[in-house]
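Counting convention: from 1, in listed order, for ligands and their atoms alike. Any value given below was found using the heavy atoms of this structure, including those in side chains, with hydrogens, waters and symmetry copies removed.
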Amino acid sequence: MQRITVGNLELDVVKKDIKNLHLGVYPPNGRVRVAAPLSMDDEAIRLFIISKLTWIKKQQAKFASQDRQSEREYVSGESHYVSGTRYLLNVIYGKTKPGVVIRNKTYIDLYVRESSTQEQRAKVMMEWYRQRLKLQIPKLIAKWEKKIGVKVAAWGVKQMKTKWGSCNILEKRIWLNLELAKKPIHCLEYVIVHELVHLLERLHNDRFVAYMDKFMPQWSIYKDELNNFVLDDTNWEPQQQH
Ligand SMILES: [Zn+2]
């Protein structure tokens with residue numbers, strides 16, 4: 001896979017043994033992916049994308065507005081994801097300490113104070129997500145440090161708008177997106193592997209891809225899953241155009 005930039009648009013291009021071009025815009029962030037015939041050169045692909053720019057922007061705007069509409073209120077009955085599994089939120093108001101408990105593999109019981117605001121409820125949930133991630137990450141890092149033969153000096157979890165993870169190569173520090181707590185665990189693992197491989201190769205070049213193929217042959221499936229995984233009930237079929 002190749003990453004190319006057209007104007008201010010970044011997109012993934014995959015060359016395959018196919019006859020036609022396929023263009024897809026994927027939720028939740030409006031990622032653009034083009035599958036092109038093996039024989040097609042980069043300039044022709046670029047021209048094709050330019051001819052579809054208006055359409056692409058329109059699809060991306062659609063996702064952006066759906067994203068706003070589906071913003072969480074943290075009230076009972078909403079569905080929320082934990083490690084890729086969907087649960088129903090059950091808000092329990094009372095005097096007990098705020099906290100979160102998964103019950104009957106079905107519910108997320110969210111304990112909050114009587115007068116809690118949406119923001120406070122969100123904060124309790126996000127703190128719980130953060131603690132879960134912080135329990136999961138160390139053993140995954142240890143496992144992959146050994147396999148890849150690198151060592152991170154520090155890691156952390158934070159909310160990021162556009163990236164699943166990042167790596168400061170000089171300081172050997174990796175950051176992981178708090179949103180990963182909602183994703184299947186192998187997606188979290190994929191992001192960790194990706195960031196650790198950056199300690200061997202800075203750029204997303206052929207060498208980087210070769211390392212990914214070697215250490216985690218399934219990586220591109222996990223990547224697609226991560227970027228296409230829908231975080232709520234809205235039916236987001238990938239938008240296809242030929
Ligand atoms: Zn990267």
Side-chain angles (χ1 to χ4, degrees), residues 1-16 24-36 42 45-46 49 56 60 63 67 83-84 129-130 133-134 136-231 238:
M1 193 170 65
Q2 208 186 334
R3 187 135 252 251
I4 71 164
T5 308
V6 178
N8 57 4
L9 188 73
E10 264 197 48
L11 42 100
D12 295 331
V13 176
V14 195
K15 289 202 179 168
K16 284 182 173 172
V25 180
Y26 297 90
N29 302 323
R31 187 174 64 99
V32 183
R33 187 171 185 268
V34 177
D42 290 357
I45 295 171
R46 199 171 280 276
I49 293 160
I56 292 169
Q60 288 182 326
F63 289 138
D67 208 20
S83 298
Y129 275 130
R130 188 186 297 272
L133 266 187
K134 287 195 158 180
Q136 291 166 337
I137 291 168
K139 43 182 188 275
L140 292 175
I141 289 182
K143 170 183 166 185
W144 288 99
E145 277 180 337
K146 210 186 276 174
K147 289 195 184 199
I148 297 170
V150 292
K151 204 92 187 134
V152 296
W155 59 271
V157 172
K158 64 177 173 183
Q159 276 177 305
M160 290 185 267
K161 277 239 148 65
T162 57
K163 291 175 185 171
W164 292 114
S166 67
C167 181
N168 181 317
I169 294 156
L170 288 179
E171 292 174 14
K172 296 185 191 298
R173 177 200 303 273
I174 66 172
W175 285 105
L176 298 162
N177 194 329
L178 179 57
E179 288 293 308
L180 286 165
K182 300 173 184 174
K183 308 288 185 176
I185 197 105
H186 54 257
C187 290
L188 166 65
E189 201 160 358
Y190 153 69
V191 176
I192 289 173
V193 173
H194 179 109
E195 301 312 333
L196 291 184
V197 165
H198 272 311
L199 297 176
L200 299 176
E201 173 55 57
R202 212 172 102 92
L203 303 169
H204 297 139
N205 54 17
D206 291 348
R207 192 162 167 255
F208 184 91
V209 173
Y211 279 130
M212 288 303 294
D213 289 343
K214 178 181 166 198
F215 296 122
M216 189 179 248
Q218 300 266 70
W219 69 271
S220 66
I221 294 168
Y222 299 155
K223 184 185 179 187
D224 280 349
E225 192 180 349
L226 187 57
N227 290 317
N228 297 335
F229 196 84
V230 178
L231 284 177

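With a 4.5 Å cut-off on side-chain heavy atoms, Glu225 and Pro184 count as touching. The shortest distance between side-chain heavy atoms of Trp164 and Lys183 falls below 4.5 Å.
The pair Arg33-Asp12 fails the salt-bridge criterion, with no side-chain N (NZ, NE, NH1 or NH2) lying under 4.0 Å from an Asp/Glu carboxylate O. The pair Lys143-Glu189 meets the salt-bridge criterion, since a charged nitrogen lies less than 4.0 angstrom from a carboxylate oxygen.
In this structure, Arg46 has no salt bridge (charged side-chain N to carboxylate O under 4.0 Å, His left out) partners at least two apart in sequence or on a different chain.
Of the possible polar contacts, none joining the Glu171 side chain to the Arg173 backbone as a donor-acceptor pair under 3.5 Å is found.
Of all protein N/O/S atoms, those lying under 2.8 Å from the Zn ion (ligand 1) come to 3.
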